[in-house]
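Okay, structure first, notes after.
Computed over heavy atoms, backbone and side chain alike; hydrogens, waters and symmetry mates excluded. Since we're looking at a predicted model, the values are computed, not measured.
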Amino acid sequence: MPNSDFIPSSDEGKAALFERFRDTIGSYATTLGLVPVEVADQADDATWFRYLLNHSIVMRDCGSQWTSFKNLILNGPGDGGIPATPATSAPPSPSPTSMPPGILPRFRELCRRIKAASPYTDAIGEALGIIGPEHTPQPQSTTAPQIKLRLNGGRVEVLWTKDGHEALEIQVDRGTGTFSLLAIDTRPDYIDTEPLPATAAKWSYRATYTQDAQRIGQWSNVAEITVGGVNPIRFHRSAQPSQHGDH
């Protein structure tokens, strides 16, 4: 059977592959005809991407905190006090060597040249991590996520767990009778940024796990929540995630 792409779909997988190659290529560089500057450039690419990835995760979390803070200030509810302003993280220091755009295309081209070299063997490819797994059809999973809902700072928050899966596709029906794509979320939990309506409405949510941008398993329970048209303080205090189970 043919092999799948050796490049992982997730950024974490890519970073790990770049680092594995960086830490292993020294044993094979001369055999494969690579010059020192090529090895050094790939090492800088790997280090730079890991640095950017780690900081982007920190900033994503900061952004989520700031969004929740902004929504709380805008919509309430609150206890009358002023909540603490979220922190904003600066990039860690020292910063590694900055590399130009195109780390992934450069890596693919380097691997293409390595595989075309006459001394190259599958054993070398395995050691460097540049041979994809054998592609076999995956059986249909019966796994289905479980989702719950709650109000968070005037927004609906979809609570879910990864359970080892890559991502979650979330769909929403805002009273039209039709579900449509809301988001592909890779990190629980998800806050729906759609403003609550002025009049009361029932919003419904469902979700399914995804892998490599493909749906796997079954759809979750349909979770419903009534939004808008009520006193936000009273509603927020009474709403609990356990109230939004299967219907």
Side-chain angles (χ1 to χ4, degrees), residues 1-64 89-139 141 143 161-169 184-188 209-217:
M1 292 185 179
N3 289 89
S4 302
D5 188 6
F6 67 93
I7 301 291
S9 58
S10 69
D11 283 344
E12 172 58 36
K14 292 180 178 68
L17 173 60
F18 297 156
E19 290 169 332
R20 174 179 175 177
F21 186 99
R22 176 198 65 194
D23 298 340
T24 308
I25 190 61
S27 301
Y28 305 101
T30 301
T31 300
L32 296 170
L34 301 183
V35 297
V37 67
E38 292 178 304
V39 175
D41 282 349
Q42 191 281 324
D44 286 342
D45 276 349
T47 304
W48 180 235
F49 183 70
R50 171 60 75 182
Y51 175 87
L52 296 179
L53 175 59
N54 287 349
H55 188 57
S56 72
I57 293 173
V58 172
M59 293 303 295
R60 181 185 63 191
D61 292 343
C62 286
S64 177
S89 299
S93 182
S95 172
T97 301
S98 299
M99 298 299 286
I103 289 176
L104 183 57
R106 287 196 293 275
F107 186 72
R108 282 193 181 278
E109 174 58 22
L110 181 61
C111 292
R112 185 196 64 78
R113 288 179 44 227
I114 286 174
K115 291 180 178 181
S118 56
Y120 172 81
T121 64
D122 284 347
I124 293 176
E126 292 286 355
L128 296 174
I130 59 174
I131 294 180
E134 186 176 89
H135 178 73
T136 56
Q138 296 297 315
S141 172
T143 300
T161 57
K162 293 196 76 167
D163 288 334
H165 293 85
E166 181 179 278
L168 188 78
E169 177 182 333
I184 304 295
D185 193 25
T186 59
R187 184 166 183 160
Y209 289 121
T210 66
Q211 179 72 34
D212 297 332
Q214 300 294 320
R215 294 173 185 165
I216 59 173

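Residues T97 and W48 are not in side-chain contact: their nearest non-hydrogen atoms beyond the backbone lie 4.5 Å or more apart. Side-chain contact between T186 and R60 is present, with heavy atoms from C-beta onward closer than 4.5 Å. For the pair F21 and D23, the minimum side-chain heavy-atom distance is 4.5 Å or more. Put simply, the side chain of R108 reaches to within 4.5 Å of the side chain of D5, judged on heavy atoms. Side-chain contact check for L128 versus Y28: some heavy-atom pair is nearer than 4.5 Å.
With values rounded to the nearest 0.5 angstrom, L110 atom CG is found 9.5 Å from D45 atom CG. The OG1 atom of T161 lies 9.0 Å from the CG atom of L168; values are rounded to the nearest 0.5 Å. How far OG1 of T47 is from CD of E19: 7.0 Å, rounded to the nearest 0.5 Å. In this structure, the separation between CE on M59 and CG on L52 is 12.5 Å, given to the nearest 0.5 Å.
Contact between L32 and A117 at its shortest, heavy atoms only, is O-CB, 4.2 Å. Closest non-hydrogen pair, P119 versus T31, comes out as CG-O, 3.2 Å. S10 and G13 make their closest contact through OG-N, 3.0 Å (heavy atoms, listed as atom of the first residue, atom of the second, distance). When all heavy atoms are compared, the tightest approach of I130 to I114 is CD1-CG2, 4.3 Å. Of all the heavy atoms in L34 and V39, the pair that sits closest is CB-CG2, 4.3 Å.
Within the 3.5 Å criterion, the main-chain N or O of P92 finds a donor-acceptor partner in the side chain of Y51. In this structure, the side chain of H165 engages the main chain of K162 through a donor-acceptor pair within 3.5 Å. In terms of modelled atom types and a separation under 3.5 Å, the side chain of E166 and the main chain of Y209 share no donor-acceptor contact. The main-chain N or O of D61 is never found under 3.5 Å from a side-chain atom of S64 such that the two would form a donor-acceptor pair.
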- Message: Test side-chain contact (heavy atoms from CB on, under 4.5 Å) on D163 and T143; report intermediate values, then the result.
- Response: CA-CA 10 Å; D163 288 334; T143 300; over 6 Å; no
- Residues R187, I57; criterion side-chain contact (heavy atoms from CB on, under 4.5 Å); working and verdict: CA-CA 10 Å; R187 184 166 183 160; I57 293 173; 3.3 Å; yes
- Before giving the answer on side-chain contact (heavy atoms from CB on, under 4.5 Å), spell out for D41 and R106 the whole-Å C-alpha distance, their side-chain angles and the decisive distance to 0.1 Å. CA-CA 10 Å; D41 282 349; R106 287 196 293 275; over 6 Å; no
- Task: Give the intermediate values and the outcome of side-chain contact (heavy atoms from CB on, under 4.5 Å) for residues R22 and R50.
- Result: CA-CA 12 Å; R22 176 198 65 194; R50 171 60 75 182; over 6 Å; no
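Cation-pi geometry between K115 and F6 is satisfied (NZ or CZ under 6.0 Å from the ring centre, within 45° of the ring normal).
The pair E109-R112 meets the salt-bridge criterion, since a charged nitrogen lies less than 4.0 angstrom from a carboxylate oxygen.
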